[in-house]
Protein chains: 2
Amino acid sequence: MELSERKLKILQAIITDYVTCAEPVGSRSIAKKFDLGISPATIRNEMSDLEEMGYLTHPHTSAGRVPSDKAYRLYVNTLMMKTHLTKVEKNIISNRLKSNVSEFELRIKDAASILSEITNLTSFALTPTKNDDVLKFIKLLPVDQKTVILMIVSSKGKITNTALKISVPFNNDNLELLSKNMTYNYQGRTINEVLKDSIIKDVHLDISAMSLLADNVMPNFMKTLEEMLNVNLYMEGLTNIFNIPEYNDLKKAKQFLEMLDKKEELTKRMLEREDGIIVTIGEENLDETMKDCTVITATYHIDGKPVGKIGVIGPTRMKYDEVTSIMEYLSENLSSAFQLECKEGDEEEND
Amino acid sequence: MELSERKLKILQAIITDYVTCAEPVGSRSIAKKFDLGISPATIRNEMSDLEEMGYLTHPHTSAGRVPSDKAYRLYVNTLMMKTHLTKVEKNIISNRLKSNVSEFELRIKDAASILSEITNLTSFALTPTKNDDVLKFIKLLPVDQKTVILMIVSSKGKITNTALKISVPFNNDNLELLSKNMTYNYQGRTINEVLKDSIIKDVHLDISAMSLLADNVMPNFMKTLEEMLNVNLYMEGLTNIFNIPEYNDLKKAKQFLEMLDKKEELTKRMLEREDGIIVTIGEENLDETMKDCTVITATYHIDGKPVGKIGVIGPTRMKYDEVTSIMEYLSENLSSAFQLECKEGDEEEND
DNA sequence: TGTTAGCACTCATCTTTCTCGAGTGCTAAT
DNA sequence: ATTAGCACTCGAGAAAGATGAGTGCTAACA
């Protein structure tokens with residue numbers, strides 16, 4: 001059987017209706033709401049065909065039709081049109097992203113926040129992966145007689161520091177020398193390289209006092225590098241699911257929230273996804289617990305490279321057109337927000 | 001009417017039973033489970049008295065009795081005995097706090113995590129307030145020709161830094177001079193003082209080039225200080241409520257989660273609470289949305305000063321003895337974990 | 001041949017009724 | 001003062017019935 005123009009129109013009508021009303025759609029209501037020029041009976045026949053073809057399902061005999069995952073897939077791939085965000089929506093997004101917050105992570109969290117507010121879905125944001133982030137310089141700063149701050153700056157402007165308790169005596173010159181030595185050794189290498197390549201794991205220094213200091217610093221340096229690789233996951237709008245009919249049931253809501261509670265797993269799954277706007281609908285999700293959800297992710301960029309993701313999770317019944325449009329706009333805006341701060345900047349040797 | 005010894009015993013029995021079973025307690029089951037040497041009929045009479053006195057309530061005629069907030073209050077104040085944590089529990093707590101995580105905030109979050117896992121309640125942790133944290137030194141470090149890192153170290157070892165884009169030319173000497181100047185001006189002052197005292201908001205420098213640089217740096221310095229004052233709230237074990245009979249109802253669960261979603265408000269409320277182990281039961285909570293919850297908070301210390309809080313939120317029916325004991329042990333452990341890292345250290349002038 | 005009206009049939013949902021039993025409160029006996 | 005006995009209450013859950021949206025089929029129509 002083929003998908004005639006009319007079948008497509010009917011399918012689109014059903015999806016449109018179901019997405020907003022969340023109730024199985026009957027032939028009569030389609031005939032009334034959409035001016036297709038055909039009677040309920042005809043629509044019924046077509047619906048029956050569409051069901052046979054796998055685009056619709058039937059909760060039970062006397063209920064209307066519900067779009068299947070396959071139908072949503074078709075809709076996303078070919079039927080749906082990009083919606084244009086209103087100026088108001090655009091303004092909300094760009095204004096809120098124009099952040100009066102200087103902290104990087106907070107802004108990413110904020111992006112997730114905006115996303116959940118506009119879509120009324122549960123959203124998340126992943127902080128950038130630093131896999132191919134190269135070290136720029138390493139600096140040790142004295143705090144007091146036993147404490148040193150280890151500061152690591154990477155090319156993407158990520159700064160990390162840790163206060164270290166040092167058990168051996170040291171002075172400014174020592175620290176300065178070690179800083180330079182470490183910078184010289186690790187500059188331009190990715191964090192992964194430094195961590196994996198055991199050859200360069202030790203800084204060899206002639207003076208024994210310095211060597212002792214290095215012994216104190218190196219384990220913490222490595223630990224800090226490891227922590228730099230961590231990706232954070234922020235979730236927002238968790239309670240939104242209570243307003244979604246699909247989860248109007250304690251068990252379902254519980255399952256949903258418990259799924260999202262496993263943050264490490266979720267993070268892993270999301271990192272695996274390709275770049276760009278990716279939509280996975282129901283059964284398409286590899287994760288068993290997500291088989292009745294739709295996940296949409298978008299990528300944001302720093303220095304033109306995709307480094308992090310934002311996304312939404314919700315029922316398969318969602319306004320795909322609106323949500324994807326919003327995410328596209330939001331991720332682009334987020335990228336350019338970072339662009340302003342983190343542009344170019346790869347000069348060498350400046351401390 | 002007076003609370004005879006026997007009435008207290010019965011009340012205690014009812015509380016003990018209700019706290020574990022979550023079902024209204026009948027006279028017969030008390031007589032059976034607790035060897036009080038009196039018959040159900042006698043217990044019924046006493047129960048009737050206890051109800052009159054406000055310690056018990058009656059969902060309906062044919063149901064057993066349920067302890068009131070007043071009963072729990074009595075229990076917490078006088079009836080309850082401190083439970084001793086088992087070695088296993090103690091080990092779990094101290095091992096997990098022995099953190100292989102260097103980042104300060106993560107460890108606090110981890111404490112909340114432990115708390116929710118052991119109590120099966122929803123827990124939270126507040127990061128330290130930095131109200132009376134004094135600035136130790138300020139340092140500006142060059143990254144590239146347009147970027148400078150502003151680093152602020154406070155006495156409690158809190159380090160913050162921000163990458164600043166600078167629109168005027170600068171060199172190492174400039175930065176060094178400005179760093180020293182700022183350190184000299186703000187060292188030893190609390191963040192609040194620096195923020196409020198408008199007199200010292202500007203660093204006055206003779207050389208005009210330096211003045212321009214300072215103009216670039218100061219707004220960000222102030223912004224960063226403001227952000228340093230922020231207290232973070234971490235919540236853990238949100239989905240635990242789904243295992244609590246009291247919230248076995250979509251509406252209740254929703255209300256609960258939505259209450260916790262208002263993080264700013266919650267943070268404020270929790271900061272207002274006194275130090276030490278504080279228990280507020282049901283109606284005792286000022287917040288309307290918490291009138292059927294119990295909140296317990298404990299304080300952790302840095303340098304002997306109470307600076308942050310951990311807490312649990314759950315139904316008024318909870319194991320007060322266990323939970324408070326756990327929280328006491330946990331908060332003490334958390335304090336001493338920080339003690340190790342943040343001890344003394346108040347020397348001056350070292351950069 | 002495609003479209004439509006008509007009608008019997010289905011089945012989830014809502015409401016009502018009924019039954020069951022845990023637990024009380026009262027009374028009278030100990 | 002305590003307790004046994006018994007009638008009474010009332011929520012919870014099961015069973016039965018009513019409702020109505022929506023289908024699927026058939027036969028008539030263009």
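Labels below follow one simple rule: chain letters A, B, ... track the order of the sequence lines, proteins then strands, and each chain is numbered from 1.
Ion pairing between a basic and an acidic side chain is recognised when a charged N comes within 4.0 Å of a carboxylate O; B:Arg6 and B:Glu46 show such pairing. Salt bridge absent: B:Lys82 and B:Asp321 never bring a charged side-chain N and a carboxylate O closer than 4.0 Å. With respect to the salt-bridge test (charged N to carboxylate O, under 4.0 angstrom), the residues A:Lys7 and A:Glu2 do not qualify. A salt bridge does not link A:Glu265 to A:Lys268: none of the charged nitrogens lies less than 4.0 Å from a carboxylate oxygen. Contact check on A:Glu284 versus A:Lys291 returns no salt bridge, with no Lys/Arg side-chain nitrogen under 4.0 Å from an Asp/Glu carboxylate oxygen.
Counting all heavy atoms, side chain and backbone alike, A:Leu257 lies closest to A:Ile241 at CG-CD1, 4.1 Å. Taking every heavy atom of both residues into account, B:Arg317 and B:Val19 meet most closely at NH1-O, 2.7 Å.
Counted within 6.0 Å of NZ on B:Lys70, heavy atoms from surrounding residues, nucleotides or ligands total more than 12; the atom is thus considered enclosed.
If you measure from atom CD1 of B:Ile38 to atom P of D:dT3, you get 7 Å, rounded to the nearest angstrom. Rounded to whole angstrom, the span from the NZ atom of B:Lys32 across to the P atom of C:dA22 amounts to 9 Å. With rounding to whole Å, B:Asp49 atom CG is found 13 Å from D:dA1 atom C1'. Look at CD on A:Glu46: it is 7 Å from P on C:dT3, rounded to the nearest Å. The distance between atom CD1 of A:Ile43 and atom P of C:dG2, rounded to the nearest whole Å, is 17 Å.
Inter-residue side-chain proximity for A:Thr294 and A:Pro315 is flagged as unmet; no heavy-atom pair is nearer than 4.5 Å. Using a 4.5 Å cut-off on side-chain heavy atoms (C-beta onward), B:Cys293 and B:Met259 make contact. Contact check for B:Leu36 versus B:Thr42: no side-chain heavy atoms found under the 4.5 Å cut-off.
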At under 4.0 Å between heavy atoms, how does the protein contact nucleotides 23-30 of chain C? Give one character per nucleotide, 5' to 3', with B, S or -. SBB-----
N/O-N/O pairs, protein side and nucleotides 28-30 of chain D side, under 3.5 Å:
none

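Applying a 4.0 Å cut-off to non-hydrogen atoms, none of the residues of residues 4-20 of chain B approaches DNA chain C.
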